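First the proteins, then the strands, lettered A, B, ... as listed; each starts at 1. Note that the structure is predicted; figures quoted are calculated from it, not measured. Every heavy atom of this structure was used, including side-chain atoms; hydrogens, water molecules and symmetry mates were not.
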4 protein chains.
Amino acid sequence: MNDRPPTREVLLDAALSVFTEQTYGGAAVAEVAKRAGMSVGTLYRYFPSKEALGNAVFRRWKGELLDRLTAGADPDEPVRTTFRRAWGGLVAFAAERPDAFGFLEFQQHESYLDEQSAALSARVSAMGEEMVVRGQRVGEIRAGEPLMLLALVYGAAVGLARTIHDGLVLDRAQLAAAEDAAWALLAKPEN
Amino acid sequence: MNDRPPTREVLLDAALSVFTEQTYGGAAVAEVAKRAGMSVGTLYRYFPSKEALGNAVFRRWKGELLDRLTAGADPDEPVRTTFRRAWGGLVAFAAERPDAFGFLEFQQHESYLDEQSAALSARVSAMGEEMVVRGQRVGEIRAGEPLMLLALVYGAAVGLARTIHDGLVLDRAQLAAAEDAAWALLAKPEN
Amino acid sequence: MNDRPPTREVLLDAALSVFTEQTYGGAAVAEVAKRAGMSVGTLYRYFPSKEALGNAVFRRWKGELLDRLTAGADPDEPVRTTFRRAWGGLVAFAAERPDAFGFLEFQQHESYLDEQSAALSARVSAMGEEMVVRGQRVGEIRAGEPLMLLALVYGAAVGLARTIHDGLVLDRAQLAAAEDAAWALLAKPEN
Amino acid sequence: MNDRPPTREVLLDAALSVFTEQTYGGAAVAEVAKRAGMSVGTLYRYFPSKEALGNAVFRRWKGELLDRLTAGADPDEPVRTTFRRAWGGLVAFAAERPDAFGFLEFQQHESYLDEQSAALSARVSAMGEEMVVRGQRVGEIRAGEPLMLLALVYGAAVGLARTIHDGLVLDRAQLAAAEDAAWALLAKPEN
DNA sequence: AATGAATGAGCATTCATTCAT
DNA sequence: GATGAATGAATGCTCATTCAT
C-alpha cells in the first residue's frame, strides 16, 4: 500500500544530489532537506549532524561500489577474469550512477569522514591489492609495488569516469578498448 | 636590493597553502591574508574577490603544469620519448609541489572557475590529445578514442600522485616501473 | 490497586527535575516527557504549553511551601513561636526538597509566570508580612517597614539554603544557631 | 574629541540590559548587538562567544561589587565599622545598579561561568568570611559556622535588593533600620 | 487516549566584502 | 597604499508545538 520510499532513503538521495553539485562542504543542509521535500527538523531526526549525513552517503555508495567490485568473484578464476569483472563493475557503476561515483571519487573527503567510512575505503583498496598480489604470484601481473599498480589502474578508471562525466560519449567497442588498455597497464609484459 | 617576493606572489602562495589544507570552499579569505602577513583589505587590492583569487591560483599552477608537460618537446621525437618527458614532468611536479598538484587535481573546481581557467585546462588536455593522436598516426599508440586514452593515463598519473600523497613511498626503480606500466596502457600491443 | 502515580504528578516531577538542572528556559519539553516516560504528545494533553507546565510546577511547590509555613499556626501563640515554626518549615522544606526550593528561589521566573502564580507568591509574602506586623504590634519585633524586614529574613533563609545547596554541611546545633541569628534580625532590641 | 564610549563597554552595557530582562540563557546575541547599535559580526569581533560575553559581564560587575565591599577597609577598625561599610557598599550598589546586581544575584549562572569568574565569586565570599572570623575572634560576632553566618547576611542583602527591585521604596531611615537589623543577625548577643 | 514524526522559526556563529581612517 | 573594524546574509542545529495514525 505504502509505496513511498522510506524517509532515510529519500534523504540520502537528496543529499547525494546536492553534494554532487556543490561539494559536501559547499552544500547547505537546508537545501538537502528542501530537495528531499521536507523540513530541516525532519532531516535532523534521521541524521544527527551534517557530518553523519555525509558519512551515511559515503558509506551507502562506497558499499555499493565494493559490492560491485566483489560480485561473483571466484578465487580460482584467472586474474584476467577477476580484473574484467572488477573493471566492468567499476565502469558500469560510474555509468549508471555518475553522481554517486563522482561524489566518492572526485571530491576531497578527509576532514569529515569517520573511522567506519575510512574502513570501508580500506576494504575497497585491500580488495584491489589482493587481486594485484595474486596476479603477480601467478605471473599474470607485472612486478612492482602492488599499491602503486593499484593506484595507477584505479586512477585510470576514475579518470575515465571523470571524462565521461564531463561529456565524452563512448560506445561499447570503445569501452572494451579502454578495458584492454587498463589491463595492459597491469599485465606482465611478454618478456 | 629588495628581495621580498612581490605581494601578489606572496598571496598566491598563502592561498595555495590554505586551499590545500581546507579546500577552496572551506578556506576563509581572512586566513589567506593572515598567512600572507597582510590585511584583508590589502588582499582585496590585489584580487577583487575570492573567486578571482581561486582562479589566479588555479591558473598559476595549471600553467606551471602545462609548461612542465611541454618543456623541451620536439615534434619529431618518438612518441615514446614525448610520453616519457610528459609523464616524468607530471610526476616530478606532483612530487615537488604536492600541494599545488593536489589543489589542481584532487578537488572539484567547476563552480568558481572562469573561462580563462577552463581554457587553460583545455590546453593541457589538447596537448595530451595531440600526443595520443600523433602516436596513433605513427603506430606507436593503440587504437581508440584519443580522449579516452588520455583520460586513462592522466587518471593513472593522478591516482599515483594521490596514493603518494596518502603516504606511499616509492623509490626510483618503482617510479620507473610506474612509467613503464603507464606507457603499456597507451602502447600499441605487439601485433 | 493502581499504585502508579497519576500522569500529571509524574509530569510535574519530571519537569521539576529538568527545570532544576537546566533552568526553565534551558529545559526542552521533549526531555521532560522522556524523563516522565511518555511522549511529548501526551505531555501536551496534560499541559497546553511549556508556560503552563512551568506555572504548574511553580504553583505545586510554592503551594507546598505556603502549607509548610502555615502549618499549625495559631494566631494566639507568641510571635517567637510562629517564627520558629515558619523558619523551621522553610529550612526543612529546603533540606527535603532542595530541587523544588532551588527552582522556586534560585531562578528568575518573571517572564512566564501568570497571575495565579504571582498571587500565590503574594500569599506567601502576605503571610510573612502578617507575622511581622503582629510581632511589631505586640512588641516582639523591631520597628521598620514590615516588607523590608520580611525581605531580610526571607533572603537570609534563601541564602542559607543556597549555601547548603552549594555544599555547606550543617549539624543540628548549627541550624539552631542559624535560627537564633535569623530571629535576632527580627527581634526588638532590648530597650 | 572622541566622546563615544569604547565599543567593548557599549557591548557590556547592552548585554547587561538584555541579560537582566531575559536571563542569560533566554537572551539572543542578536538582540544584544541590536541594543548596542551594531551588527552581530561586530559583537563577535569583541567577544568570541556568548559564553565569553556572559563571563565578561559577570566579571565586570562582580569585580565592581568586590571593590565596593572592600573600598576603604581598614584591618584595625571595629568589625561593626567594617560591616557598616560593606553592607552600605552592597546596598548602594544594588540601588545604583539594580540591573547589574540582579544579574549577579537573581540568576543561576553555573553552567557557563568559567574558572576566572568563579574565582572572583570566591574572593567576594572569602572577604565576607574573613570579616565574620575576625568579628568572632574579637567577640563582636556571635558563634557559629562563619560561612553559615555569611550566607544569612548576604542572603538578607540580596533579599532586600530583590524586594526593592520589585518595587518597595525605602527612605534613608528605613535603610538604616535594615542595616541595624542585619547587624543584629551577626552581632554577639549581650551576655 | 497515546504516539512520535513533522514543522519552521529562532539561535549562535562564520565569513566575503566594504570603507573610513 | 594599507589597514582592520564593521556589516549582515547564510549556515548548522534546536525545540515548542501540531496532527495523522
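Near DNA chain E, defined here as any heavy-atom distance below 4.0 Å, there are no residues from residues 11-34 of chain C. A heavy-atom distance below 4.0 Å to DNA chain E is reached by these residues of residues 45-52 of chain A, ordered by number: A:Arg45, A:Tyr46.
Summarising the geometry, the separation between CE on C:Met38 and P on E:dT3 is reported as 7 Å, rounded to the nearest angstrom. The distance between atom CZ of A:Arg8 and atom P of E:dA6, rounded to the nearest whole Å, is 14 Å. For the pair D:Leu43 CG and E:dC11 P, the computed distance is 14 Å after rounding to whole Å. Residue D:Tyr112 contributes atom OH, which lies 13 Å from atom P of E:dA12 at whole-angstrom precision.
Among residues two or more places apart in sequence or in another chain, the side chain to side chain contact (heavy atoms under 4.5 Å, CB included) test is passed with A:Arg45 by none. Taking the side-chain hydrogen bond (donor to acceptor under 3.5 Å, both in side chains) definition, one finds that D:Gln22 meets it with nothing, sequence neighbours left out. Partners of A:Gln107 according to the side-chain hydrogen bond (donor to acceptor under 3.5 Å, both in side chains) rule, which considers only residues two or more places apart in sequence or in another chain, do not exist here. Scored by the side chain to side chain contact (heavy atoms under 4.5 Å, CB included) test, D:Ala52 finds D:Pro48, D:Ser49 as partners (sequence neighbours excluded). Contacts of C:Ala100 classified as side chain to side chain contact (heavy atoms under 4.5 Å, CB included), with partners at least two apart in sequence or in another chain: C:Leu16, C:Trp61, C:Phe93, C:Arg97. For A:Ser39, the side chain to side chain contact (heavy atoms under 4.5 Å, CB included) test picks out A:Thr42, with sequence neighbours left out. Applying the salt bridge (charged side-chain N to carboxylate O under 4.0 Å, His left out) rule to A:Glu64 yields the partners A:Arg60, A:Arg68; only residues at least two apart in sequence or on another chain are considered. Considering only residues two or more places apart in sequence or on other chains, A:Phe106 meets the ring pair (Phe, Tyr, Trp, His ring centres under 6.0 Å) condition with A:His165. Evaluation of the salt bridge (charged side-chain N to carboxylate O under 4.0 Å, His left out) rule for B:Asp114 yields B:Arg59 as partners, not counting sequence neighbours.
For A:Thr42, a side-chain nitrogen or oxygen approaches OP1 or OP2 of E:dT7 to under 4.0 Å. Dashed line: the shortest gap from a side-chain N or O of B:Ser39 to OP1 or OP2 of F:dT3 is under 4.0 Å.
For B:Arg35, the CZ atom sits in a packed shell: over 12 heavy atoms of surrounding residues, nucleotides or ligands are nearer than 6.0 Å.
For D:Tyr44, the side-chain atoms get nearest to E:dT14 when compared with the rest of F:dA16, E:dA16, E:dT14.
Side chain of C:Lys50 to main chain of C:Ala27: a donor-acceptor pair is present (N/O by atom type, distance under 3.5 Å, no hydrogens or angles).
Each of B:Gly41 and D:Val40 has a nearest nucleotide on DNA chain E; the 5'-most of these lies closest to D:Val40.
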inquiry  = Just to be sure I follow the notation: if a pair is Watson-Crick (purine N1 to pyrimidine N3 plus N6-O4 or O6-N4) or a G-U wobble (N1-O2 and O6-N3), each under 3.5 Å, what dot-bracket string does DNA chain E give, with | for pairs to another strand?
reply    = .||||||||||||||||||||
